[in-house]
Number of protein chains: 2
Amino acid sequence: MVRPTLKKQIPNLQEAIKETAWKQIAEFGATALSLRAIARELKITAPAIYNYFPDRDALVTALIIEAYASFGDYQLVARDSLPREKMAERLYAIGIAYRQWAIDFPQRYQLIFGTPIPGYQAPKMEVMPTAARSLSALVSVIDDLRVANMLQAENFPPVQPAFEEHFRIWKTYAGDYDISSLSVSMLVWSRVHGLVSLELAGNIPPHGADGAALYRYELNLITKQFIKENK
Amino acid sequence: MVRPTLKKQIPNLQEAIKETAWKQIAEFGATALSLRAIARELKITAPAIYNYFPDRDALVTALIIEAYASFGDYQLVARDSLPREKMAERLYAIGIAYRQWAIDFPQRYQLIFGTPIPGYQAPKMEVMPTAARSLSALVSVIDDLRVANMLQAENFPPVQPAFEEHFRIWKTYAGDYDISSLSVSMLVWSRVHGLVSLELAGNIPPHGADGAALYRYELNLITKQFIKENK
DNA sequence: AAAGTTTACTAAACACCGTATATTTACAGT
DNA sequence: ACTGTAAATATACGGTGTTTAGTAAACTTT
């Protein structure tokens with residue numbers, strides 16, 4: 001058999017490949033991703049995948065983009081579960097959603113922020129739109145705080161001219177907010193990312209607290225540090 | 001040729017294997033680590049490595065332990081460059097050293113905190129002593145602050161009973177300090193780790209600031225949040 | 001000094017991997 | 001019916017970690 005008849009072909013094989021990839025990533029981890037294993041499960045040969053993805057890296061990129069989208073959705077849903085004027089509560093809810101997604105899909109979090117695929121380097125320009133959008137919930141709430149004069153953000157280091165172009169593109173997708181909002185978002189992001197990634201790697205429990213409680217504590221510290229009373 | 005005469009043998013082949021591994025990690029990245037490549041460079045065959053390491057993972061573990069040791073040393077040197085009573089300055093210096101090591105050896109930082117080796121899972125109990133020691137500089141200074149009644153650490157979540165054993169072992173190597181010192185250290189660690197790992201992954205510049213400046217800003221925020229005046 | 005044992009390696013093979021090339025066949029358009 | 005293209009297979013190449021068997025050098029014991 002060389003080419004199966006249409007009836008025997010898998011409809012939308014491109015999607016099927018991605019789905020199988022996710023299934024295997026969830027089961028065996030992102031490091032075990034293998035085109036041949038995907039092909040085996042779909043009962044096709046490995047080179048057939050090359051009709052849909054030019055190489056393994058292209059498949060990984062597609063997966064990363066999907067993951068970012070789901071990640072961003074989680075946070076947007078959390079944000080929109082509260083009215084716009086409850087900014088501190090929204091920030092907290094986004095933070096909880098951030099960790100929840102990471103815990104629900106640890107392999108996807110690893111895929112995005114770790115380097116589990118040997119030799120893979122994410123093509124920045126391709127991934128950036130969805131990556132930037134995945135932080136848009138956070139940035140939008142921080143900017144609402146700024147507009148309400150409740151954002152504590154003094155003396156932030158300025159943008160480097162060399163990165164202005166990069167920065168401009170990023171704003172296109174994350175939202176065109178004030179620089180101070182973006183800077184604060186960056187720090188808030190780094191804090192939740194730090195705690196979540198240590199927890200996922202198994203580094204939290206030995207040091208004394210359960211992950212969820214310590215995380216909530218950190219969220220409150222973040223709130224205390226970056227939100228001030230409107231006066 | 002089957003067994004080379006003593007004169008032709010590489011003296012301390014175990015060390016030579018690790019050195020070659022580091023060289024290749026520095027050059028091609030941790031994901032590209034390959035027993036066969038190491039063997040090629042040393043002009044031996046790949047299975048010969050199995051005389052010194054039971055499998056690839058054992059070699060990786062040995063490398064991780066070496067990396068942790070070097071990482072810890074950097075921070076201890078930074079701490080000890082200042083007198084013990086200058087606690088805030090010591091904390092700042094350790095923070096700078098933390099990032100500096102990561103920037104000097106990005107591949108090693110990835111090796112420790114990322115998951116660059118397919119299928120590799122660090123054996124916690126084996127790695128913990130050196131891993132714990134790599135944070136001992138930080139913990140000791142935080143505890144000095146606590147003793148001086150300058151540590152802001154209210155209402156931290158308690159240790160979970162399930163992890164008390166784990167925790168006890170960890171204390172053996174990181175230092176037997178008060179639980180509040182360890183909790184604060186944990187949070188400080190997660191913050192610097194968050195920022196450093198985002199920067200290494202190339203996620204800082206697009207968002208507006210240069211890494212070093214943003215990092216110093218965050219160190220100051222950490223100081224502000226966890227150090228209070230002795231009164 | 002001879003004999004036996006252990007050590008440190010090589011050679012060959014296995015089962016994977018991503019990927020390139022050539023080939024075949026099903027289908028669509030003319 | 002003929003032709004061209006699309007979608008798959010078959011095959012092959014060079015890479016990986018690892019296992020097994022074999023061998024010679026070096027050491028230990030007698």
Side-chain angles (χ1 to χ4, degrees), chain A residues 1-18 20-21 24-25 27-64 111 115-123, chain B residues 1-18 20-21 24-25 27-64 111 115-123:
Chain A
M1 174 200 355
V2 170
R3 180 187 186 172
T5 63
L6 258 190
K7 293 223 164 184
K8 290 216 164 186
Q9 263 180 263
I10 297 162
N12 209 348
L13 188 47
Q14 171 140 7
E15 275 309 310
I17 290 167
K18 284 197 282 183
T20 309
Q24 299 196 352
I25 283 174
E27 193 166 356
F28 308 109
T31 63
L33 186 67
S34 145
L35 296 188
R36 293 184 111 111
I38 293 169
R40 264 194 306 275
E41 182 148 343
L42 290 173
K43 291 181 179 171
I44 57 173
T45 60
I49 295 175
Y50 285 75
N51 287 314
Y52 302 94
F53 301 95
D55 52 24
R56 185 203 53 170
D57 287 11
L59 170 59
V60 174
T61 299
L63 295 174
I64 285 179
L111 185 65
T115 49
I117 313 288
Y120 176 78
Q121 274 263 50
Chain B
M1 172 197 1
V2 170
R3 183 189 186 174
T5 62
L6 259 188
K7 293 224 164 185
K8 289 214 165 187
Q9 263 179 263
I10 296 162
N12 210 347
L13 187 47
Q14 172 140 7
E15 275 309 310
I17 290 167
K18 284 197 282 184
T20 309
Q24 299 195 351
I25 284 174
E27 194 166 356
F28 309 110
T31 63
L33 187 66
S34 147
L35 296 189
R36 292 183 113 111
I38 292 169
R40 262 195 305 278
E41 182 148 342
L42 290 173
K43 291 179 180 173
I44 58 175
T45 59
I49 295 175
Y50 285 74
N51 287 315
Y52 302 94
F53 301 95
D55 52 23
R56 184 203 54 169
D57 288 12
L59 170 60
V60 173
T61 299
L63 295 174
I64 285 179
L111 184 66
T115 49
I117 313 288
Y120 176 78
Q121 275 263 49

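The shown structure was predicted, so the numbers you read here are calculated from the model rather than taken from an experiment. Below, chains carry the letters A, B, ... as their sequence lines are ordered, and counting in each starts from 1.
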* Take atom CG of B/Asn51 and atom P of D/dT20, then tell me their distance rounded to the nearest Å. => 15 Å
* Asked: In terms of heavy-atom contacts, does CD of B/Gln14 have more than 12 from other residues, nucleotides or ligands at under 6.0 Å?
  -> yes
* **Length of the line joining A/Phe28:CZ and C/dC16:P, which is rounded to integer Å** => 13 Å
* Can you check the A/Tyr52 OH to C/dT19 C1' distance for me, whole Å? -> 18 Å
* Side-chain heavy-atom pair B/Asn51, B/Leu13 within 4.5 angstrom cut-off -> no
* So which nucleotide from C/dT19, D/dA7, C/dC9 ends up closest to the side chain of A/Arg56? -> C/dT19
* Got a second to check how far B/Thr45's OG1 is from B/Arg40's CZ, nearest 0.5 Å? -> 12.0 Å
Which pairs of donor and acceptor atoms, one on a side chain in residues 28-38 of chain B, lie under 3.5 Å apart (sequence neighbours left out)?
unit_1, atom_1, unit_2, atom_2, d
B/Thr31, OG1, A/Gly119, N, 3.4
B/Ser34, OG, B/Arg36, N, 3.3
B/Ser34, OG, B/Ala37, N, 3.0

* Separation between NZ of B/Lys18 and CG of B/Leu59, rounded to the nearest 0.5 Å -> 8.5 Å
* To do: Using atom CG of A/Asp55 as one end and atom C1' of C/dA20 as the other, report the distance to the nearest whole Å.
  => 12 Å
* To do: Respond yes when some side-chain nitrogen or oxygen of B/Tyr50 is under 4.0 Å from OP1 or OP2 of D/dT18, and no when none is.
  => yes
* How many angstroms lie between CD1 in A/Ile49 and CG in A/Asp55, if you round to the nearest 0.5 Å? -> 11.5 Å
* To do: Taking only heavy atoms on the protein side, list every residue of residues 31-46 of chain B lying under 4.0 Å from any atom of DNA chain C, sorted numerically.
  => B/Arg36, B/Ile44, B/Thr45
* Asked: To the nearest 0.5 Å, how far apart are CD1 in A/Ile117 and CG in A/Asp57?
  -> 8.5 Å
* How far does the helix from C/dA1-D/dT30 to C/dT30-D/dA1 bend, going by the axes of its first and last five pairs, to the nearest 10°? -> 10°
* When the distance from CD1 of A/Ile49 to C1' of D/dA7 is rounded to whole Å, what number comes out? -> 13 Å
* Asked: Rounded to the nearest 0.5 Å, how far apart are CZ of A/Arg56 and OG1 of A/Thr61?
  -> 10.0 Å
* Asked: Within this structure, what is the CD1-to-C1' distance between B/Ile117 and D/dT16, rounded to whole angstrom?
  -> 13 Å
* Asked: OH of A/Tyr120 versus P of C/dC17: gap in Å, rounded?
  -> 20 Å
* CD1-OH distance between B/Ile17 and B/Tyr52, expressed to the nearest 0.5 angstrom -> 6.5 Å
* Whole angstrom value for the distance that separates C1' of C/dG18 from CD1 of A/Ile17 -> 15 Å
